[in-house]
Structure formats: structure tokens, C-alpha cells
S.K.: 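Below are the C-alpha cells for one structure; questions will follow.
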Amino acid sequence: MVEIVNVVASGALNVELDLERLADDIGEPVARHDPDKYPGMYLRFEEDAPLITVYRTGKFIITGADSEDESYSLRERFLNLFSDMDVIEEPEDEWFAVQNYVCTGELDQNLNLNALAIGLGLEKTEYEPEQFPGLIYRPEGAEGVVLLFATGKVVITGCRSVESVEEIFASLTETVSEVL
DNA sequence: TGAGCGGCTCCTTATATATCAGCTTCGG
DNA sequence: CCGAAGCTGATATATAAGGAGCCGCTCA
């Protein structure tokens, strides 16, 4: 089974924003804005809640959600806030989509990463333990990238859908049991 | 020769994973 | 006072975003 640990989604409002003024109106700690450090304005409704990064152009990113649903409800809350503040006319955006799922998985066995690099195919893997302890696996024809660790723990990232993640994990489980 | 522009890299954020170096802190 | 233990930040992965800075190229 795979568990979603992070969802990155982005969208766009059809307006140019005055981040300086918005940050002042919303106030800390919900809004944080330091244009010398980064051009985006950060919005976080509660402590440990996902982060919304808003740009001058009206585009925005939501990071740190644990599910697609959480991303969408965060987006709704964000649109309602801007609508209530009369920043936008209706609580609507031009578009909104999940861009990246970060998931963890468990293969329930210790892995010999050197052997696995050969088994999975050297052209699809990168393993330099002195640089990073995980093996990087890029399954052919798949959206995502997999990080495999000697403990059997796995990280799958780069997919735009949960289906893609599960597809990768299923074929990974199969391939690993075949080559080891 | 220099201005301008396009393309590229880096910065920042979230998040799991593991391993290293370097630093602080604590106990005997 | 020193070793051990704990903590921090780096390493790598993906992805969106805007801005800064850099490099190379073209044209006047």
C-alpha cells in the first residue's frame, strides 16, 4: 500500500494582485510576505496546515496537503477569502490541478541496492551511496520517479494522479520479487 | 563595442526516505 | 575536560510559481 504524504497543486485567478497590500490586510501569522527573499506571498490558515503561495500574477500553489480532497478544500477556503475581501468577484479560479503526489511505500524486505540497480536496469537507475543513500529508479514509460532504500522503504514522486502512483508501486512490487 | 533579448540556473515551499559531517550539549 | 549523544543541515526526488542573475548570441 502507498500513503500520500504531500500533494502539490496549482491554479490561477484571473487578476493581478497587490501582494504588499494583501499581506497587510490579512496580517500575520496567516499571511507572510518578504519580497526581498521570495516574490510570492505565503498564506497558512492554521499551524501545520498546507501552505498556499500566491503570486502577483494571480497564480497560486498549494503544498503540503495529504490528499486531493484536502487540496481542493484549501483552494475553496482561499477563494472564499479573496471573494469576501473583494479581491475577486466570485469564488472561482481559471483552472486548478494537482501537479505532483509524493507517496511512501513499504516493500516489507531489506533491499540489496547494488543488486537491485542491475535487476531494474542500470540505464533506469542511479545509485551513488556516497552522494545519497537511496537508489533512484525511473520506470520506463511511467510518470513518476522512485527512491528505494536498503530498509525496503520507498518514495514515489512526480505523478499527477494516485492511479499512476499505484500503478508504479504494483509493478515495482512485482519486479522486485522477480529480481531479488 | 555595447545594448538587448532569450534561455538557463538558482532561490523557496511541502514531503517522505537515509546517511554523512559538523556542531552543541550533557554527564561522568 | 573529554567522549558520547543529540541535533542541524547538507546530499537527492518531483512539482508549480516569479524574480534575480548569468551567459551567449544577434544586430546596429
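Letters A, B, ... are given to chains in the order of the sequence lines, protein chains preceding strands, and every chain is numbered from 1.
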S.K.: Let me know the distance between CZ of A:R56 and P of C:dA20, rounded to the nearest Å.
M.R.: 10 Å
S.K.: Can a side chain N or O of A:T157 be found less than 4.0 Å away from OP1 or OP2 on B:dA16?
M.R.: no
S.K.: Pick base, sugar-phosphate or nothing for A:E3, based on heavy-atom distances below 4.0 Å to the nucleic acid.
M.R.: nothing
S.K.: Do the side-chain N or O atoms of A:K37 get closer than 4.0 angstrom to the phosphate oxygens (OP1, OP2) of B:dT13?
M.R.: yes
S.K.: Pick the closest DNA chain C nucleotide for A:G40 and for A:E126 by heavy atoms, then say which residue is nearer the 5' end.
M.R.: A:E126
S.K.: Please report, rounded to the nearest Å, how far the P atom of B:dT13 is from the CD1 atom of A:I52.
M.R.: 16 Å
S.K.: Nearest to the side chain of A:P133 - C:dG18, B:dA18, B:dT15?
M.R.: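 For the A:P133 side chain, the nearest candidate turns out to be B:dA18.
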S.K.: Nearest whole Å is fine: how far is B:dT13 P from A:H33 NE2?
M.R.: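 Distance check: A:H33 NE2 to B:dT13 P gives 14 Å.
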S.K.: Looking at B:dA16, B:dT17, C:dG18, which one has an atom nearest to any side-chain atom of A:Y38?
M.R.: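 My answer, after comparing the listed nucleotides, is C:dG18.
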S.K.: May I ask you to say what A:R32 touches in the nucleic acid, namely base, sugar-phosphate or nothing, with a heavy-atom cut-off under 4.0 Å?
M.R.: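 Nothing, no nucleic acid heavy atom in range.
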S.K.: Using a heavy-atom cut-off of 4.0 Å across all strands, would you classify A:I136 as base, sugar-phosphate, or nothing?
M.R.: sugar-phosphate
S.K.: Drop me the distance from A:I118's CD1 to A:N112's CG, to the nearest 0.5 angstrom.
M.R.: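 Separation between the atoms: 8.5 Å.
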S.K.: Output the single nucleotide from C:dA17, B:dA14, C:dT15 whose closest atom is nearest the side chain of A:R44.
M.R.: B:dA14
S.K.: Compare side-chain N and O positions of A:R160 against OP1 and OP2 of C:dA14 and report whether any pair is under 4.0 Å apart.
M.R.: no
S.K.: What is the separation between atom CZ on A:F60 and atom P on C:dA17, rounded to the nearest whole Å?
M.R.: 11 Å
S.K.: What does A:V155 touch in the nucleic acid at a heavy-atom separation under 4.0 angstrom: a base, only the sugar-phosphate, or nothing?
M.R.: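 It contacts base atoms.
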S.K.: Are the side chain of A:S83 and the backbone of A:L79 linked by a donor-acceptor contact shorter than 3.5 Å?
M.R.: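 Judged by distance alone, no pair lies under 3.5 Å.
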S.K.: What nucleic acid atoms does A:T53 come within less than 4.0 Å of, heavy atoms only: base, sugar-phosphate, or nothing?
M.R.: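 No contact at all - A:T53 keeps every heavy atom at 4.0 Å or more from the nucleic acid.
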S.K.: Rounded to the Å, how far apart are A:L147 CG and B:dA16 P?
M.R.: 13 Å
S.K.: What about A:Y127: does its side chain form a donor-acceptor pair under 3.5 Å with the base of C:dA12?
M.R.: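 Answer is no: no donor-acceptor pair is held.
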S.K.: Look at the aromatic rings of A:F78 and A:F82 and report parallel, tilted or perpendicular, splitting at 30° and 60°.
M.R.: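 Tilted, since the angle between the ring planes falls between 30° and 60°.
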S.K.: Which nucleotide in the list C:dA14, C:dG18, C:dA16 gets nearest to the side chain of A:V8?
M.R.: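 Among C:dA14, C:dG18, C:dA16, the one nearest the side chain of A:V8 is C:dA16.
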S.K.: Give one of base, sugar-phosphate or nothing for A:S10, where a contact means two heavy atoms less than 4.0 Å apart.
M.R.: sugar-phosphate
S.K.: By a 5.5 angstrom centroid cut-off and a 30 degree plane limit, is there stacking between A:Y55 and C:dA17?
M.R.: no
S.K.: Closest nucleotide of DNA chain B for A:N100 versus for A:F149: which of these residues is on the 5' side?
M.R.: A:N100
S.K.: Output the distance between atom OG1 (A:T104) and atom CD1 (A:I4), rounded to the nearest 0.5 Å.
M.R.: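 The distance works out to 10.0 Å.
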S.K.: Show which side-chain atoms of residues 22-33 of chain A pair as donor or acceptor with protein atoms under 3.5 Å away, not counting sequence neighbours.
M.R.:
{"unit_1": "A:D25", "atom_1": "OD2", "unit_2": "A:R21", "atom_2": "NE", "d": "3.2"}
{"unit_1": "A:H33", "atom_1": "ND1", "unit_2": "A:G40", "atom_2": "O", "d": "3.4"}

S.K.: Rounded to the nearest angstrom, tell me the gap between atom CG in A:L172 and atom P in C:dT13.
M.R.: 17 Å
S.K.: Is A:Q131 near enough to C:dT11 that one of its side-chain N or O atoms lies under 4.0 angstrom from OP1 or OP2?
M.R.: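 For C:dT11, neither OP1 nor OP2 has a side-chain N or O of A:Q131 closer than 4.0 Å.
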S.K.: With a 4.0 Å cut-off on heavy atoms, is A:I61 in touch with a base, just the backbone sugar-phosphate, or nothing at all?
M.R.: base
S.K.: To the nearest Å, how far apart are A:L113 CG and B:dT17 P?
M.R.: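 For the pair A:L113 CG and B:dT17 P, the rounded distance is 16 Å.
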S.K.: Just verifying a value: how many Å separate A:E126 CD and A:R138 CZ, rounded to the nearest 0.5 Å?
M.R.: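 Rounded to the nearest 0.5 Å, the CD-CZ separation comes out at 5.0 Å.
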S.K.: Describe the nucleic acid contact of A:Y101 in one word from base, sugar-phosphate, nothing, applying a heavy-atom distance below 4.0 Å.
M.R.: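 The answer is nothing, as A:Y101 stays clear of every strand by at least 4.0 Å.
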S.K.: Hey, what do you get for OH (A:Y137) to CG (A:L148), rounding to the nearest 0.5 Å?
M.R.: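 It is 8.5 Å, given to the nearest 0.5 Å.
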S.K.: Considering every strand and a 4.0 Å limit on heavy-atom distances, what is the contact class for A:V145: base, sugar-phosphate, or nothing?
M.R.: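 Since only primed, P, OP1 and OP2 atoms lie under 4.0 Å of A:V145, the category is sugar-phosphate.
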S.K.: Taking atom P of C:dG19 as reference, at what distance in whole Å does atom CE of A:M41 sit?
M.R.: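 To the nearest whole Å, that distance equals 14 Å.
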